[in-house]
Student: 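One structure, pasted below without further comment.
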Amino acid sequence: MSVALTPRGPELRLLVSLAAWTWPGTRSDGRQYAHILITHSPALTGPDAAEMAEGRMRRLAAALGGLAGAREFVPELEGRLQTVGDHVLLHVPGASRRLRLPTSRSWTELLARNGEAILLLGLDPLPQSADAALLDTYLDAALTADRLLFGRARTR
């Protein structure tokens, strides 16, 4: 008899290949809000690389509790963010490790005040070395093409 073990959450290989950015933004009501973008790095190659990468990102979205498209109800993801000193970690249920987010003191303080951040999961690759201009271009294109998934990641 043989048994196949399937991990509950995303594989470690996916977690280490993720790229992440954080920034403060202003909502339509004038309040500041913390934002997180997570994408995969463009490391996969081959004829099915894009489909494989998107499948992994969609599994990550499911493991986080389900994320929504831009025109759908944005779910609240309770307890996904953890602050440890100056560091903020993203908890993915079933994963063996937490993803450390790039932060600044002001962003971490904003997260602490609001208790949540808007989480954007990009289905297309973006290198971690992307600057602010490339990040803006990516967000505009991904939003237009419906290639972003959204959630409200909460600290509690």
Side-chain angles (χ1 to χ4, degrees), residues 7-43 53-132 134-156:
R8 288 184 3 190
E11 65 266 13
L12 183 59
R13 182 176 54 199
L14 171 63
L15 293 179
V16 298
S17 72
L18 295 175
W21 295 263
T22 58
W23 70 95
T26 305
R27 296 182 354 177
S28 59
D29 64 4
R31 287 186 51 209
Q32 277 207 316
Y33 221 73
H35 290 81
I36 303 165
L37 171 65
I38 297 176
T39 68
H40 58 91
S41 296
E54 181 175 339
R56 288 179 177 169
M57 294 305 284
R58 289 192 182 278
R59 284 192 299 280
L60 175 61
L64 283 165
L67 300 178
R71 294 168 188 84
E72 301 170 344
F73 175 76
V74 177
E76 289 188 16
L77 310 170
E78 297 291 331
R80 295 297 182 263
L81 297 174
Q82 177 184 11
T83 303
V84 179
D86 292 336
H87 306 292
V88 177
L89 308 173
L90 176 68
H91 170 65
V92 180
S96 59
R97 303 197 196 283
R98 286 170 167 62
L99 178 64
R100 183 175 168 188
L101 300 174
T103 62
S104 65
R105 179 179 300 271
S106 61
W107 187 89
T108 304
E109 290 170 353
L110 178 60
L111 176 66
R113 277 194 310 275
N114 291 344
E116 66 181 13
I118 298 297
L119 174 63
L120 299 94
L121 192 73
L123 297 177
D124 296 317
L126 183 66
Q128 183 68 59
S129 60
D131 62 9
L134 184 56
L135 187 61
D136 282 344
T137 301
Y138 176 90
L139 288 169
D140 288 341
L143 187 59
T144 300
D146 202 23
R147 305 286 294 159
L148 288 174
L149 300 175
F150 296 84
R152 290 173 48 203
R154 299 187 52 82
T155 57
R156 353 175 177 44

Student: Can you give me the closest heavy-atom contact between Ala34 and Trp107, atom names plus distance?
Tutor: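 Here Ala34 and Trp107 meet closest at CB-NE1, 3.4 Å.
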Student: Could you note down all residue pairs passing salt bridge (Lys or Arg N to Asp or Glu O under 4.0 Å) where residues 77-89 supplies at least one of them, sequence neighbours left out?
Tutor: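 The answer is Glu78-Arg154.
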Student: Is there a side-chain contact between Phe150 and Leu143 in this structure, where contact means two heavy atoms from C-beta onward sitting under 4.5 Å apart?
Tutor: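 Side chain of Phe150 against side chain of Leu143, heavy atoms only: contact under 4.5 Å found.
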Student: Does the side chain of Val84 reach to within under 4.5 Å of the side chain of Gln82, using non-hydrogen atoms?
Tutor: yes
Student: How far does CG of Leu119 sit from CG of Leu77, to the nearest 0.5 angstrom?
Tutor: 6.5 Å
Student: Which distance, rounded to the nearest 0.5 Å, do you find between the CZ of Arg105 and the OG1 of Thr108?
Tutor: 8.5 Å
Student: Would the distance check show the side chain of Thr103 and the main-chain N or O of His87 forming a donor-acceptor pair, the cut-off being under 3.5 Å?
Tutor: no
Student: How about Leu101 and Leu81: do any of their side-chain heavy atoms sit closer than 4.5 Å?
Tutor: yes
Student: Is any side-chain heavy atom of Leu90 closer than 4.5 Å to one of Ile38?
Tutor: yes
Student: Is there side-chain contact between Leu134 and Leu126, with heavy atoms separated by less than 4.5 Å?
Tutor: yes
Student: Nearest 0.5 Å, please: how far is CD1 in Ile118 from CG in Leu37?
Tutor: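 Reported value, rounded in 0.5 Å steps: 13.0 Å.
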Student: Under the side-chain contact (heavy atoms from CB on, under 4.5 Å) test, which residues partner Ala61, sequence neighbours left out?
Tutor: Leu67, Leu121, Leu149
Student: Got a second to check how far Trp23's CH2 is from Leu139's CG, nearest 0.5 Å?
Tutor: 5.0 Å
Student: Which value, rounded to the nearest 0.5 Å, describes the distance between Leu18 atom CG and Thr39 atom OG1?
Tutor: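 So the gap between those two atoms works out to 7.5 Å.
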Student: Can you list the residues that meet the side-chain hydrogen bond (donor to acceptor under 3.5 Å, both in side chains) rule with Arg71, with sequence neighbours excluded?
Tutor: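 Scan of Arg71 (side-chain hydrogen bond (donor to acceptor under 3.5 Å, both in side chains), adjacent residues dropped) gives none.
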Student: If the condition is side-chain hydrogen bond (donor to acceptor under 3.5 Å, both in side chains), which residues does Glu76 pass it with, not counting sequence neighbours?
Tutor: Arg152
Student: Please enumerate all residues that pass side-chain hydrogen bond (donor to acceptor under 3.5 Å, both in side chains) together with Asp146, with sequence neighbours excluded.
Tutor: none
Student: Show the nearest heavy-atom pair for residues Pro75 and Ala68, with the distance to one decimal.
Tutor: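 Looks like CD-CB, 3.8 Å.
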Student: Applying side-chain hydrogen bond (donor to acceptor under 3.5 Å, both in side chains), name anything that partners Asp140, two or more places apart in sequence or on another chain.
Tutor: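 Result, side-chain hydrogen bond (donor to acceptor under 3.5 Å, both in side chains) vs Asp140: none returned.
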Student: How many angstroms lie between atom CD of Gln32 and atom CD of Glu109, to the nearest 0.5 angstrom?
Tutor: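 CD of Glu109 is found 11.5 Å from CD of Gln32.
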Student: Is there a side-chain contact between His40 and Leu60 in this structure, where contact means two heavy atoms from C-beta onward sitting under 4.5 Å apart?
Tutor: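 Answer no - side chains too far apart.
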